Amino acid sequence: DRTMLTRLGRVLSQLAHWAPVFGEAEFLPAMAFPFTKLFGAEDRASFEVMVCVLINWARGWFEMFPAPPLRSLRAVEELVLHHDAPLHHAMMHVGRQMGVAGAAGLVLQT
């Protein structure tokens, strides 16, 4: 839908003007799309919700941008180890180069 694409573009442009680093984050369009779709023509509401999410939930993601958010990925790895040690072991064994943190990074990008 071209209208939705235009709205998403406006929200992404607002985010990039607010903080230029957001203009370089490749995962941001996928992250912003559900909010843009939810709020429809209310671009300001989509922008404000994205700012709240980025400030409160993705605070450390941009500390070393464009490198991955190591602190967040390490926290995910510790959670997986605590709640499902066999899964942690399997992920470490199968993805020796990537590990749990690498897999979590791929999930965070989607």
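None of these values were measured; they are calculated from a predicted model.
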If you take all heavy atoms of Phe35 and Val53, which pair is closest and at what distance? CZ-CG2, 4.0 Å
Minimum heavy-atom separation for Ala16 to Gly23, with atom names? CB-CA, 3.8 Å
Is the backbone of Glu78 close enough, under 3.5 Å, to the side chain of His82 for a donor and an acceptor to pair up by distance? no
Restricting to pairs with a member in residues 27-40, which pass salt bridge (charged side-chain N to carboxylate O under 4.0 Å, His left out), not counting sequence neighbours? none
Which atom names give the shortest non-hydrogen contact between Met31 and Met50, and what distance separates them? O-SD, 3.8 Å
Is the closest side-chain heavy-atom distance between Val11 and Arg7 below 4.5 Å? no
CG-CG distance between Leu8 and Asp1, expressed to the nearest 0.5 angstrom: 11.5 Å
Among residues two or more places apart or on two chains, list those pairs meeting side-chain hydrogen bond (donor to acceptor under 3.5 Å, both in side chains) that have a residue in residues 39-51. Arg10-Asp43, Arg44-Glu48
According to a hydrophobic-cluster definition based on side-chain heavy atoms being under 4.5 Å apart (Ile, Leu, Val, Met, Phe, Trp, Tyr only), do Leu15 and Leu5 belong together? no
Does the Ser13 side chain pair with the main chain of Gly9, one donor and one acceptor, at a distance under 3.5 Å? no
The single option from Leu54, Asn56, Val49, Ile55 passing side chain to side chain contact (heavy atoms under 4.5 Å, CB included) against Cys52: Asn56
So which pairs with a foot in residues 81-91 pass salt bridge (charged side-chain N to carboxylate O under 4.0 Å, His left out), sequence neighbours left out? none
